[in-house]
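The block underneath contains the structure these notes are about, expressed in C-alpha cells.
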Amino acid sequence: MTITKKKLVLIGNGMAGVRAVEHLIKLSPESYDITIFGAEPHPNYNRIMLSSVLAGGADMQEIVINDWDWYKENNITLHTGHKVTKIDTENKKVTSHLGIEVDYDAVIIATGSNPFMLPLPGADKEGVIAFRDINDCEIMIDASKKYKKAVVIGGGLLGLEAARGLLHLGMEVNVVHIFNYLMERQLDEAAAKMLQRELEAQGMQFLLQKSTASIKGKKRASGLVFADGTEVDGDLVVMAVGIKPNIELAKASGIEVNRGIIVDDFMQTSVPGIYAVGECAEHRGIAYGLVAPLYEQGAVLAKHLVGVETAGYQGSVTSTKLKVSGVDVFSAGRFDEAPGTRSLKIQDDMAGTYKKIVIQDGKLVGAVLFGDTSDGSELFATIKSGESVAGREKEILLGISSDLLGKSSGGNRLEAMADDEIICGCNGVSKGTIADAILNKGCNTVGSIKACTKASASCGGCKPQVEGLLHLYAGDSVGEAVKEGICGCTPLSRDEIVEEITRMRLMSTKEVMNVLEWHNPEGCSKCRPALNYYLGMLYPEEYVDEKESRITNERFHANIQKDGTYSVVPRIYGGVTSPADLKKIAEVAEKFDVPMVKFTGGQRLDLLGVKKEDLPKIWEELDMPSGHAYGKTLRTVKTCVGSTFCRFGTQDSISMGIQMEKAFERLNTPAKVKLAVSGCPRNCAEATIKDFGVVAIDGGWELHVAGNGGVKVRATDLLCIVKTEDEVMEWSSAFLQYYRENAQWNERTSQWVERVGLDSVKKALEKREDRLALKERIEKTLSLTTDPWKQIIETDDLRKNFEQLNGVQPVQI
Ligand SMILES: Cc1cc2nc3c(=O)[nH]c(=O)nc-3n(C[C@H](O)[C@H](O)[C@H](O)COP(=O)(O)OP(=O)(O)OC[C@H]3O[C@@H](n4cnc5c(N)ncnc54)[C@H](O)[C@@H]3O)c2cc1C
Ligand SMILES: NC(=O)c1ccc[n+]([C@@H]2O[C@H](COP(=O)([O-])OP(=O)(O)OC[C@H]3O[C@@H](n4cnc5c(N)ncnc54)[C@H](O)[C@@H]3O)[C@@H](O)[C@H]2O)c1
Ligand code: SF4
Ligand code: FES
C-alpha cells in the first residue's frame, strides 16, 4: 500500500524555517512532500555572516548554509525569487506573486522581519538603505568604491557591525545614536563607554543623543539634519534602528497577529495547520531577533509536525556577542539592575576589561562582559540552568573561565552537561554532536569541528566551549590539533598536501581525500577546488580536470549575475579590437537581445544579462576565444597606447601586451591574475596595481609584481629591470609558474608575496637556469590547454552535458 505523503509548504527560505525543515527531514524524511518559497533569489544563507562579509572575514560563497544541491537531494521543490502573496486557508493553497499555486496540508510561515526604516523626510533618496540581506551588503560594497562618507543611524548590534564593515571598506563612518550610550539594549553605561573608546580607536566616530529630523541631498542622500539643527555629511545612510516582524501575509490571511504572528508552545498559529517560526513569530508576548531561540523553535515545530513527543517551546533566555574584530563584548539575560537584583562588577581600566553579573533570588540572571568574553558561554549556561549560585557569586565573578576549559580542579561544567545541551546557539549544535565529532569523526581542531558540525561558524561566541570540549575529549592530542588545515576537512596544510600528492603520486581528488584521511569524505567547497587545482598543476598531462570540483562560474564558463543571467566576455588581446570583431559583437548582442553591452575595466566588451540557454549559441556566433573573465586564470593584459601612437612612449606596449596575453591565455592559476603593460613611466595602463606589471623605461622594461587594485589596494614591488622583450617573457613565465607551484589555492599574488616575502621570490628566480626550467614547465602546461567555449561548441557530448547543466541552479552568491 502506498502512503500518500502530506504536503508541507514553507514560506520564507531563511534561517529559522529551513532549520525546522532540516530537523523534520532528519526525524522523518518520508512524512512530507516539501515546497519552499523564498522571496530572495538565493539558497538559504547565514544572515549573521553578512557582517563578516562586509568586514572582509568571509566571502559570499562561504555563507551558504544549504546549497542548491541540498534541496534536490532532499526532494524539496524550491521557488526562489517568489514571494507568497496569499494563503487561502479555506481551500488550503498558497500563491506566489509570480502565480505559482501549491496545495498544502501544513504551512510554516517563516517570513522573518523587515528592518525598521525611520519615516524621515528624504528617506526615499538614493543611498538610504537598511542592512538585512545580501543585496544591502552588495550596495554597501559598491557605494564604498564610489563614495567616501557613510552615516549609520543606530548604535545597536547591527549598526555597529555595519559601521565596522564600512570602515573596513575604506569609508569614513559616523554612527548616530539616539541614546547617550551605545547598545543600551545589551550593555550598561560602563561597558558601553569602554566599547565606544575602543571603536573610536578603530576610527569610528559617534554622534550620541542625536535625533535625526531629515535626510539631506538632491536625488542621492548627502547627509543628515538633526532635530537640534546640526548636520552630518554622508553619501550612504544605513538605517539600523531595529526590526519589525514580517506579519503582513499572516494578517492578510486572517491569522491572529500582534507585534508578531501569535503562536502557542508548538508554534501553532490561530489557524489549524498553519505554523510560524522565527522572527515573525510571537511566543508568550516575545518576538525574538536572534538565531538561537529561533532554532529552538524550529526543533520543537519539527517534532510536532512528525508526531514526536515534545514538551513544547518554553521561551528562551538570550545572549549576544558583538561581531566586531578587536572588540570583545558579551551580554546575556537581564543585565540591568532592576529592583530586587544585586550586581557585582570588576572594571580594570588598565587591561580594558569589565565584568558584571546580576543576581536575583540566589540565581545568576544576567551578565555583561567587555574586553575578555571567554567566560561568556559559561555564564550563559549558568543563567539558563537556573541553578543556585548562592555563596558562589564572587567565585563566579572572579574565576569562572578556568573551570570552563576543564583546567581547574573544581567542578567541570562541560563534563557535567547533558549531551543534548546546546553549545553553539547560532547553529544549534549540542554538546553530544561536538563530542561525536571529536571522538568518532577524527576532528581534533576547532576548525575541523566547525566544518563537521557548524559549531563556532557564526558569531564565534561558543569557541571557548568548543575548545573546552576539545580538551575534554581529545586530551593530549589537542596540542597537535592547534595546527589548522586548508579547511575543516583536514588538519594538513597546503604544502603537506602537495608533498603527499607528489610522494604517493595521488591522481584524483577522491584518492587524496581517502589516502590522506579527510574527516569529511566528500570534501567541501574549499578543499575540492583546491585539490583539483593542485592536481592539475602537478600533473598537467595526466590529470583529467574534475569539472564538478570547480567553482560554479568556471563550470559554466561565464560569470553568473545577481539575477541568474550570465555575462559573456570574449578575449580582446591587449584591448585591441577590429571593426569586424566589433560588428560581430554588435550583431550577436542584437540577435540575442543582450540587455547591456559594457566596456570592462580590462579593456574588453562584456555582454551582460545573457540567458543560460543562449550561452553556447552566443559563443558559436561570436567565434572568438573565451576571455576567461570568470575563472581563476589569466584575465586580461591591459595595455596603453605605447610608442606606436603616443608621443611619450618609449616601447611598444601594445605588442608586448598582446604577446603576453597570447602566451598566457587559458592558464590556470591559484587565483585570478591580471597583467598590464605601460609604454613609459607615466604608466597609463596602471601596471603597478597588477599581479604582473610591465613598465617601459628608456632602453628596457621594469617588471613589477604582486599588485592588487581590488578591495585591498596594494602597489606592486619591483622584481627587476630587463632590456629585451624576450627577457620580459622569460621573467613573466618564471614568475607565474613559480606562483602556480607555490601559492595556496585562492591566494592572489599580492597575498602570496606578502606571506612568503619578495626576497624569497627573487631568490627563486635569480638563476637563469631556474627561470628557464620554470618557463619550460609553464609552456608545457599552456600547450595542453584548449579554448573551453570552442571545446563545448564542437563536442556534442559536452554541449549536451552543458545543456543538462543548464537545468542545474548554480550558487549565485
Ligand atoms: C547583518 C546581520 C547580522 C546578524 N547577526 C546576528 C548574530 O550575530 N547573532 C544572532 O543570533 N542573530 C544575528 N542576526 C539576526 C538573525 O540573522 C536573524 O534573527 C535570523 O536570520 C532570523 O531568521 P528568520 O528565518 O526568522 O528570518 P530571515 O533569515 O530573515 O528569513 C526570512 C526569509 O523569508 C523571506 N520572505 C519574507 N516574506 C516572504 C514571502 N511572503 N514569501 C516568501 N519569502 C518571504 C525573506 O526574504 C527572507 O529570506 C543578524 C542579522 C543581520 C541582518
Ligand atoms: N551580534 C549580534 O547578535 C547581532 C548583530 C546584528 C544584528 N542582530 C540582530 O538584528 C536585529 C536588528 O539589530 P538592530 O541593532 O537594528 O536592533 P536593536 O533594536 O538591537 O538596536 C537598534 C538601536 O538603534 C537605536 N535607535 C533607535 N531609533 C534611533 C534613531 N532614531 N536614531 C538613532 N538610533 C536609534 C536604539 O537605541 C537601539 O540601540 C536585532 O534583533 C539584533 O539582535 C544581532
Ligand atoms: S604610459 Fe606613457 S606611452 Fe603609455 S599612453 Fe601613457 S604616456 Fe603614452
Ligand atoms: S554561538 Fe555563535 S557561532 Fe556558536
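In each ligand, atom 1 is the first atom listed, and ligand 1 is the first ligand listed.
- In the vicinity of Gly278, heavy-atom distances shorter than 4.0 Å reach the ligand 1 atoms 26 (O).
- In this structure, Arg164 and Met204 approach most closely via the heavy-atom pair N-CE, 3.6 Å.
- The protein atom (non-hydrogen) at minimum distance from atom 39 (C) of ligand 1 is Thr111 CG2, 3.5 Å.
- In terms of protein heavy atoms, atom 31 (O) of ligand 1 is closest to Gly14 CA, 3.3 Å.
- Nearest protein heavy-atom contact of atom 3 (C) of ligand 1 is Ser51 OG, 3.5 Å.
- Across all their heavy atoms, Gly254 and Val271 have their closest contact at O-CG2, 4.1 Å.
- For Asp228 (side chain) and Thr230 (main-chain N/O), a donor-acceptor pair under 3.5 Å exists by modelled atom type.
- Here Leu158 has side-chain heavy atoms under 4.0 Å from ligand 1, and that is the only part of it that gets that close.
- Atom 13 (C) of ligand 1 has Ile48 CG1, 3.6 Å as its closest protein atom, hydrogens excluded (heavy atom only).
- Heavy atoms of Leu294 found under 4.0 angstrom from ligand 1 belong exclusively to the side chain.
- The shortest N/O to N/O separation between Glu40 and ligand 1 falls below 3.5 Å.
- Between Arg284 and Gln314, the side chains place a donor N or O and an acceptor N or O closer than 3.5 Å (distance only, hydrogens not considered).
- In the model, Gln196 has a side-chain atom that pairs as donor or acceptor with a side-chain atom of Glu200 under 3.5 Å.
- Contact residues of ligand 2 (protein heavy atom closer than 4.0 angstrom to a ligand atom; sorted by chain and number): Leu118, Ile153, Gly154, Gly156, Leu157, Leu158, Glu161, Val176, His177, Ile178, Glu184, Arg185, Gln186, Ala240, Val241, Gly242, Ile243, Gly289, Leu290, Thr320, Lys321, Lys323.
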Applying side chain to side chain contact (heavy atoms under 4.5 Å, CB included), run through Val128 and Met239 and close with a yes or a no. CA-CA 7 Å; Val128 181; Met239 287 205 202; 3.9 Å; yes
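- Near Ile11, meaning under 4.0 Å from one of its heavy atoms, ligand 1 places the atoms 40 (C), 42 (N), 43 (C).
- Ring-plane geometry between Tyr45 and His42 is classed as perpendicular, the angle between the planes exceeding 60 degrees on a 0 to 90 degree scale with a lower cut at 30.
- Judged by distance alone, with hydrogens and angles left aside, the side-chain atoms of Ser214 form no donor-acceptor pair with the main-chain N or O of Pro121 at under 3.5 Å.
- Residue contact check: Gly289 has heavy atoms under 4.0 Å from atoms 15 (C), 19 (O) of ligand 1.
- Taking 4.0 Å as the cut-off between side-chain N and carboxylate O, Glu248 and Lys83 do not count as a salt-bridged pair.
- Heavy atoms only, all atoms of each residue included: Tyr313 and Pro293 are closest at OH-CB, 3.5 Å.
- Atom 27 (O) of ligand 1 has its closest protein heavy atom at Gly112 CA, 3.2 Å.
- By the 3.5 Å distance cut-off applied to N or O atoms, Val84 is counted among the residues near ligand 1.
- Using modelled atom types, one side-chain atom of Lys125 and one backbone atom of Gly217 make a donor-acceptor pair closer than 3.5 Å.
- The set of protein atoms (N, O or S) found at less than 2.8 Å from atom 2 (Fe) of ligand 4 reads Cys426 SG, Cys459 SG, by chain and number.
- The two residues Val84 and Leu249 have their closest heavy-atom pair at O-CD1, 3.6 Å.
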Test side chain to side chain contact (heavy atoms under 4.5 Å, CB included) on Ile434 and Gln465; report intermediate values, then the result. CA-CA 10 Å; Ile434 297 173; Gln465 279 191 302; over 6 Å; no
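- Looking at Asp264, its side chain does come within 3.5 Å of a backbone N or O of Gln268 through a donor-acceptor pair.
- Within the 4.0 Å heavy-atom criterion, both parts of Phe131, backbone and side chain, lie near ligand 1.
- For ligand 1, the polar-atom distance check against Lys321 finds no nitrogen or oxygen pair separated by under 3.5 Å.
- For ligand 1, the atoms closer than 4.0 angstrom to any heavy atom of Val291 are 10 (C), 11 (O), 12 (N), 16 (C).
- For atom 45 (C) of ligand 1, the candidate residues are Pro115, Cys426, Ala39; the nearest heavy-atom contact is made by Ala39.
- When every heavy atom of Glu279 is checked against every heavy atom of Leu290, the shortest pair comes out as OE2-N, 4.4 Å.
- Between atom 6 (C) of ligand 1 and the options Arg47, Arg132, Lys323, Met15, the minimum heavy-atom separation is to Lys323.
- Side chain to side chain, Glu256 and Ser270 fail the donor-acceptor criterion of an N or O pair below 3.5 Å.
- Looking only at protein heavy atoms, the nearest one to atom 19 (O) of ligand 1 is Glu279 OE2, 2.5 Å.
- Counting heavy atoms closer than 4.0 Å to ligand 1, residue Ala16 contributes atoms from both its backbone and its side chain.
- Annotation: Lys356, atom NZ; neighbour count of heavy atoms from other residues, nucleotides and ligands within 6.0 Å is above 12.
- Residue Asn246 approaches ligand 1 through these ligand atoms, each under 4.0 Å from one of its heavy atoms: 37 (C), 38 (N).
- Summary of contacts: the protein heavy atom closest to atom 34 (O) of ligand 1 is Gly12 CA, 3.2 Å.
- Salt-bridge check for Glu282 with Arg259: failed, with every basic side-chain N at 4.0 Å or more from each acidic carboxylate O.
- Look at Glu296 and Lys384 and you find no salt bridge, because none of the NZ, NE, NH1 or NH2 atoms lies under 4.0 Å from a carboxylate O.
- Between the side chain of Thr111 and the backbone N or O of Ile247, no donor-acceptor pair lies under 3.5 Å.
- Taking 4.0 Å as the cut-off, His82 counts as a neighbour of ligand 1 on heavy-atom distance.
- The heavy atom nearest to atom 33 (C) of ligand 1, considering only Ala110, Ala240, Gly165, is found in Ala110.
- Heavy-atom minimum distance, Gly315 versus Tyr288: CA-OH, 3.5 Å.
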